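See below for the structure under consideration.
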Amino acid sequence: MAKSRNTRRGRDADADVVETVDGGLAQLVPDRDRPRAWTLLIDGAPQSHVDLDDPSYLSFEYQRRLGHVIDLASPPGKPLQVVHLGGGALTLARYVAATRPRSTQQVVERDAALVELVRRELPLDPGARIRVRSADAREGLAKVPDGWADLVIADVFSGARTPAHLTSTEFLDEVRRALKPGGRYAANIADGPPLTHLRGQIATAAARFPDLALVADPTVLRGRRFGNAVLVASDLPLPIAELTRRAASDPHPGRVEHGRALTDFTGGAAPVADATAVASPVPPPSVFR
């Protein structure tokens, strides 16, 4: 059971909510510019932003890019079957429910205390078809029926690092098993110079999917700073032109790498297997200042 270190003063909407959860110290910070919006931090690292009045609003750069992947997964408004590995504040599940009513979603979040906190303080729309399971991401994925998902989104961090067992070809074999033919996989990957982890993750996905795209801030791709990149993969061609247009029009424009340019960026990195997998690198302290 999570223990509160500093809860709201009564129901003061301007007060932080701070509780110890399984993954560390969780903090819900109110957004001063949006009346019912909150940012979730774990041990000081920003994880998610949620606007309860407008779940279609995505504040974080990488979540906007994942939102583009969701928008382009099928015609606008068409319901999807989505698996979310990593829940956070359930931002992307809320986004799907708001933009694609009648979608069916499964969220796998290992931190049961975090799920309890989010459900209590940032309640889901009772009409949304969102099932949240407290389990390890790979174990939860293994329970998804073959060919069930239109989209699998991986956004899993433990101590600001993606666990090693979610970075391998064997993990992606499970992703492919759960996806429908033509379904898409999207992953939030954090890395910094010299981008060894990111290049390895691209090579790993290329070993299991014929078409890939990478969306990131140009300064991250040039190895100038630590940041997030969104990797998208499918067994059918991706909508590269539209993804490029949307990423370029964001408040913080992103660049899309695809085809030969993405292969060149990978630089001959080898796919990662379970036997050689390691967790993603530790972000430098400056990232969260």
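On a predicted model such as this, the values are computed, not experimentally measured, just so you know. When a residue number appears, it is its place in the shown sequence, counting from 1.
- Counting heavy atoms from C-beta outward, His197 and Ile189 have side chains that approach closer than 4.5 Å.
- The distance from atom OG of Ser280 to atom CZ of Phe157, rounded to the nearest 0.5 Å, is 5.5 Å.
- For the pair Asp43 (side chain) and Gly24 (backbone), a donor-acceptor distance under 3.5 Å is absent.
- Ion pairing of Asp217 with Arg225 is present here, as a side-chain N (NZ or NE/NH1/NH2) and a carboxylate O approach within less than 4.0 Å.
- The main-chain N or O of Val256 is never found under 3.5 Å from a side-chain atom of Thr244 such that the two would form a donor-acceptor pair.
- The main-chain N or O of Trp38 is never found under 3.5 Å from a side-chain atom of Asp31 such that the two would form a donor-acceptor pair.
- Looking only at side-chain heavy atoms (C-beta outward), Leu262 and Ile202 come within less than 4.5 Å of each other.
- The main-chain N or O of Asp274 is found under 3.5 Å from a side-chain atom of Glu170 such that the two form a donor-acceptor pair.
- Side chains of Pro281 and Arg161 form no contact here, defined as non-hydrogen atoms less than 4.5 Å apart.
- Lys180 pairs in a side chain to side chain donor-acceptor pair (under 3.5 Å) with only one of the listed residues (Asp146, Asp150, Asp235), which is Asp150.
- Closest approach of Pro253 and Ala248 over heavy atoms only: CB-O, 3.5 Å.
- Every residue meeting the side-chain hydrogen bond (donor to acceptor under 3.5 Å, both in side chains) condition with Asp211, not counting sequence neighbours, appears here in chain and number order: His258.
- Within the 4.5 Å cutoff, the side chain of Leu238 has no heavy atoms near those of the Leu243 side chain.
- Considering every non-hydrogen atom in both Gly182 and Leu236, the closest pair reads CA-CD1, 3.5 Å.
- Salt-bridge check for Asp125 with Arg94: failed, with every basic side-chain N at 4.0 Å or more from each acidic carboxylate O.
- Under the 3.5 Å distance criterion, the side-chain polar atoms of Thr204 are matched with a main-chain donor or acceptor of Gly200.
- Side chain of Arg138 to main chain of His165: a donor-acceptor pair is present (N/O by atom type, distance under 3.5 Å, no hydrogens or angles).
- Between Ile130 atom CD1 and Leu90 atom CG the span is 7.0 Å, to the nearest 0.5 Å.
- In terms of heavy-atom proximity, Val156 sits nearest to Gly86 at CG2-N, 3.7 Å.
- Each of Val175 and Val272 belongs to its own hydrophobic cluster when Ile, Leu, Val, Met, Phe, Trp and Tyr are linked at side-chain heavy-atom distances under 4.5 angstrom.
- Within the structure, salt bridge (Lys or Arg N to Asp or Glu O under 4.0 Å) pairs that include any residue of residues 181-197 do not occur (at least two apart or interchain).
- Separation of atoms CG (Asp53) and CZ (Arg36) is listed at 4.5 Å; rounding is to 0.5 Å.
- Remark: the Asp16 side chain and the Gln27 side chain contain an N/O donor-acceptor pair separated by less than 3.5 Å.
- Side chains of Leu151 and Ile70 form a contact here, defined as non-hydrogen atoms less than 4.5 Å apart.
- Going from atom CD of Gln201 over to atom OG of Ser168 covers 8.5 Å, rounded to the nearest 0.5 Å.
- Across all their heavy atoms, Pro46 and Leu41 have their closest contact at CA-CG, 4.0 Å.
- Under a hydrophobic-cluster definition in which Ile, Leu, Val, Met, Phe, Trp and Tyr are linked whenever side-chain heavy atoms come within less than 4.5 Å, directly or via other members, Ile240 and Leu221 are assigned to different clusters.
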Stepwise, does the side-chain contact (heavy atoms from CB on, under 4.5 Å) test hold for Leu179 with Val152? CA-CA 7 Å; Leu179 283 171; Val152 174; 3.7 Å; yes
Begin with the C-alpha distance, continue with both residues' side-chain angles, and end with the deciding distance and a verdict on side-chain contact (heavy atoms from CB on, under 4.5 Å) for Gln81 and Gln105. CA-CA 6 Å; Gln81 295 185 170; Gln105 303 184 75; over 6 Å; no
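- The one candidate from Leu117, Leu28, Asp51 that meets the side-chain contact (heavy atoms from CB on, under 4.5 Å) condition with Leu122 is Leu28.
- Listed here is the closest heavy atom pair of Leu85 and Ala137: CD2-O, 3.7 Å.
- Put simply, Ile42 and Val50 are part of the same group of oily side chains (I, L, V, M, F, W, Y) that touch within less than 4.5 Å, one to the next.
- In this structure, the side chains of Pro251 and Arg64 come closer than 4.5 Å at one or more pairs of heavy atoms.
- Proximity of Ile153 to Val69: side-chain heavy atoms (C-beta onward) are nowhere separated by under 4.5 Å.
- With sequence neighbours left out, the side-chain hydrogen bond (donor to acceptor under 3.5 Å, both in side chains) criterion links Arg110 to no other residue.
- Proximity of Thr104 to Trp148: side-chain heavy atoms (C-beta onward) are separated by under 4.5 Å at one or more points.
- No continuous path of ILVMFWY side-chain contacts below 4.5 Å connects Leu124 to Leu58, so the two sit in separate hydrophobic clusters.
- In terms of modelled atom types and a separation under 3.5 Å, the side chain of Asp250 and the main chain of His252 share no donor-acceptor contact.
- Every residue two or more places apart in sequence or in another chain that forms a side-chain hydrogen bond (donor to acceptor under 3.5 Å, both in side chains) with Glu174 is listed here: Arg177.
- Tyr185 and Leu141 fall within the same hydrophobic cluster, where Ile, Leu, Val, Met, Phe, Trp and Tyr residues are linked whenever their side-chain heavy atoms come under 4.5 Å apart, directly or through other members.
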Evaluate the criterion side-chain contact (heavy atoms from CB on, under 4.5 Å) for residue pair Thr39 and Gln47; output intermediate values, then yes/no. CA-CA 7 Å; Thr39 298; Gln47 302 288 324; over 6 Å; no
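- Taken from CG in Leu80 to CZ in Arg100, the straight-line distance is 4.5 Å, to the nearest 0.5 Å.
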Chi angles and distances behind the side-chain contact (heavy atoms from CB on, under 4.5 Å) call for Lys78, Ser103: CA-CA 8 Å; Lys78 181 181 178 180; Ser103 292; over 6 Å; no
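- In this structure, Arg120 pairs ionically with Glu19, as a charged nitrogen and a carboxylate oxygen lie closer than 4.0 Å.
- A cation-pi contact links Arg176 to Phe209, judged by a cut-off of 6.0 Å to the six-membered ring centre and 45° from its axis.
- Residues Gly140 and Val108 come closest through the heavy atom pair CA-CG1, 4.0 Å.
- Applying the ring-ring contact (aromatic ring centres under 6.0 Å, His included) test to pairs two or more places apart or on separate chains, those with a residue in residues 49-95 are His49-Tyr57.
- One finds the CG atom of Asp155 at 11.0 Å from the CG atom of Leu166 (value rounded to the nearest 0.5 Å).
- Partners of Glu242 according to the salt bridge (charged side-chain N to carboxylate O under 4.0 Å, His left out) rule, which considers only residues two or more places apart in sequence or in another chain, are Arg245, Arg246.
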